[in-house]
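One structure is given below, encoded as structure tokens.
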Number of protein chains: 2
Amino acid sequence: MLTDRQLLILQVIIDDFIHSAQPVGSRAISKMQKVTFSSATIRNEMADLEEMGFIEKTHSSSGRVPSEKGYRFYVDHLLSPLKLSNQEMNIIHEAFKDRMLEYERVVQKSAGILSDLTNYTSIILGPEIFETKLKQLQIVPLNDQSAVAILVTNTGHVEHRAFNVPAEIDASDLGKMVNILNEKLSGVPLVQLHEKLYLEVSELLRKHTRDYENAFEYLRAALLDEQPAKLYVGGKTNILMQPEFKDLDKVRSLYGMIEKENEIAHLLRSDQSGLNVKIGHENQFDAMQNCTLITATYRLGEDQMGTIALLGPTRMEYNRVISLMNVLSQEMTETFQSWYQSE
Amino acid sequence: MLTDRQLLILQVIIDDFIHSAQPVGSRAISKMQKVTFSSATIRNEMADLEEMGFIEKTHSSSGRVPSEKGYRFYVDHLLSPLKLSNQEMNIIHEAFKDRMLEYERVVQKSAGILSDLTNYTSIILGPEIFETKLKQLQIVPLNDQSAVAILVTNTGHVEHRAFNVPAEIDASDLGKMVNILNEKLSGVPLVQLHEKLYLEVSELLRKHTRDYENAFEYLRAALLDEQPAKLYVGGKTNILMQPEFKDLDKVRSLYGMIEKENEIAHLLRSDQSGLNVKIGHENQFDAMQNCTLITATYRLGEDQMGTIALLGPTRMEYNRVISLMNVLSQEMTETFQSWYQSE
DNA sequence: ATTTAGCACTCGCTTTAAATGAGTGCTAAC
DNA sequence: GTTAGCACTCATTTAAAGCGAGTGCTAAAT
């Protein structure tokens with residue numbers, strides 16, 4: 001389809017534009033060492049490339065700029081994965097060296113690394129907690145009106161929720177309930193907790209507690225109301241550094257979109273595992289039309305999965321960024337894996 | 001010092017400028033109903049006000065703009081506290097109606113309200129947790145390598161930390177320790193925990209646990225390493241809406257400064273209780289030279305205190321904002337108070 | 001002694017026009 | 001097929017002109 005020379009020219013245009021953010025002209029290309037032919041030749045080739053939709057002009061007499069199709073082709077066929085520099089590798093390894101034992105910490109740190117090393121904005125979706133298993137329930141009474149319910153999962157994740165204890169409910173009843181619940185529900189994946197609670201445990205509870213209905217309901221509400229998806233965003237301000245966002249309106253709409261955590265979470269969750277690159281209009285949101293979103297998945301344990309994502313302009317340093325995300329998701333997965341080696 | 005007429009003119013200039021963000025000219029002032037004298041008179045008065053430093057020109061033939069000294073005078077002497085609208089009161093009461101039982105939730109919600117209702121950026125410093133008292137300690141083993149330490153305070157606040165359990169330490173030892181610790185340390189303010197741990201409890205622990213040194217150290221590290229100050233920021237993007245921040249460099253430097261959480265926390269903590277207004281250069285940070293920071297304190301229990309702050313341009317709707325912050329800090333304090341009514 | 005009308009002047013902002021220059025497409029020669 | 005040459009395009013820069021909101025000052029009116 002494309003001649004070698006066309007491939008070379010396309011590659012050069014994209015590489016150059018990614019770093020300069022300026023339209024690339026034929027003369028500039030002809031001056032490069034690896035290019036042996038004249039600017040006129042290049043102009044002809046560029047006309048062809050434009051006709052095929054890989055590059056565009058910003059106005060009738062401007063240099064060329066990659067189109068989304070161009071980027072897509074570049075990512076799919078032209079990309080030479082860049083080895084990360086020693087310095088970058090050091091930063092990553094250093095960060096993962098001190099054993100972190102909570103996924104929040106790992107995820108947060110990873111988001112920081114990702115945005116710092118790329119100058120783009122990182123978004124990390126925490127692992128789905130529902131696949132994790134219940135390790136222990138605990139209720140700590142605070143006074144005669146309120147108590148804290150604490151739920152610990154096998155991954156060391158802790159959820160807690162304070163709740164009101166109505167006067168009718170006795171503290172000892174709560175204690176009994178917790179004992180029963182721990183006995184019956186320990187090891188149950190959180191996603192099944194609801195179901196199991198109703199089917200198997202509620203009968204048992206009824207027998208042992210006086211004011212069963214009430215206590216049960218409070219406990220259920222305290223522990224099982226769905227938690228909103230947790231999103232960790234790093235380097236939001238990096239967006240301001242990108243020349244494509246010198247227009248404040250664009251910044252505003254993009255920030256607006258990042259704040260819709262639920263939609264973002266849904267978006268990230270829907271991507272398949274492995275590395276995905278969505279360029280410009282391949283993204284469903286209007287505010288992301290000039291953006292590329294790269295997602296990669298990491299694993300925590302067997303089935304549980306989370307997603308790390310990087311949001312930047314379509315003019316993105318694809319080769320570096322992709323390597324980086326591969327390394328990072330790998331590193332995260334390994335860290336998590338190490339927690340379970342001998343469970 | 002200032003004549004009534006000068007006071008009126010100053011007030012009118014500031015009021016107008018706060019809403020229009022445009023320099024105010026003598027003609028515009030003379031057209032107002034409450035102003036009965038001519039534009040020429042106003043020009044003379046304005047010349048005097050300028051000489052005294054309350055107002056400034058942006059260039060030799062522009063209208064007048066309040067100076068920082070002008071704002072200061074306005075806040076100290078001219079301000080007529082605005083009653084909040086019903087709608088605003090509704091929003092606040094609605095938000096505080098559903099009983100929230102964790103201070104995080106209260107604080108987070110308050111930050112949201114504050115920024116939404118003002119279109120400025122809210123920053124809330126969580127209460128100092130060290131004044132709270134230990135309610136219960138808990139250790140939940142995850143596997144033979146790690147466990148989660150959980151600390152519950154009398155305010156229902158939960159801190160947790162996963163940690164590695166070296167092979168030498170027996171699970172039962174940990175259990176024993178926890179029992180001892182709960183017995184001895186329950187009710188102790190967190191700030192004294194460290195001290196008490198060493199002075200009173202360590203001896204006791206030594207007797208009961210085999211590998212005392214190790215276990216103790218791990219537990220201590222897991223529970224008592226200082227937590228960084230928790231800052232809740234709302235409406236960061238509101239900054240982008242303010243005309244004084246149409247220059248991206250200013251936005252960048254301000255965002256940069258907000259991200260220095262420790263410095264901000266220190267700044268907020270250092271303010272005295274009650275309501276404080278810091279205008280422009282009264283703030284120590286360069287990035288805040290065009291900004292006003294208003295802080296107000298709230299209480300959680302007896303001594304514990306937190307700070308709510310609002311960051312906006314010096315051209316701030318002082319009357320509305322100050323009322324709002326008073327109401328909000330009051331509301332927060334009441335909410336927290338209600339938790340202790342019958343402890 | 002104040003207040004005000006009148007007027008010249010200032011200066012940022014907007015519009016218009018011209019100059020610049022990077023880059024293209026096309027043609028004709030190599 | 002490749003390239004030199006040239007006319008052409010158009011965003012950007014520069015300069016000049018006009019506009020208008022607003023001031024300060026003066027002299028007359030109250």
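Because the structure is a prediction, the values reported are computed rather than measured. Chain naming here is simple, since letters A, B, ... match the order of the sequence lines and numbering starts at 1 in each.
Within 3.5 Å, a donor on the side chain of A/Ser61 pairs with an acceptor on the base of D/dT9, or the reverse. Side-chain atoms of B/Arg27 and base atoms of D/dG22 include no donor and acceptor less than 3.5 Å apart.
Comparing B/Arg5 and A/Ser62, the nucleotide of DNA chain C nearest to each residue sits closer to the 5' end for B/Arg5. Where B/Ala40 and B/Gly63 meet DNA chain D, the nucleotide closest to each residue was compared, and B/Gly63 sits on the side nearer the 5' end.
Between B/Ser60 and the phosphate of C/dC11, there is a side-chain N or O to OP1/OP2 separation shorter than 4.0 Å. Within the structure, a side-chain polar atom (N or O) of A/Arg64 is placed less than 4.0 Å from OP1 or OP2 of C/dT24. Between B/Ser38 and C/dT4, a side-chain N or O to OP1/OP2 separation shorter than 4.0 Å is present. Remark: B/Lys57 is in phosphate contact with D/dG24, judged by side-chain N or O atoms under 4.0 Å from OP1 or OP2. For the OP1/OP2 pair of D/dT3 and a distance below 4.0 Å, the side-chain nitrogens and oxygens of A/Thr41 include at least one atom meeting the criterion.
Screening B/Ile124, B/Ile308, B/Leu125, B/Thr297 against B/Leu268 for a side-chain contact (heavy atoms from CB on, under 4.5 Å) leaves a single residue, B/Leu125.
Within 6.0 Å of the CG atom in B/Asn86, the count of heavy atoms belonging to other residues, nucleotides or ligands does not exceed 12. Within a 6.0 Å sphere centred on CZ of B/Arg27, other residues, nucleotides and ligands contribute 12 heavy atoms or fewer.
Salt-bridge annotation for B/Glu244 and B/Lys250: absent, with no side-chain N of the basic residue lying under 4.0 Å from a carboxylate O of the acidic one.
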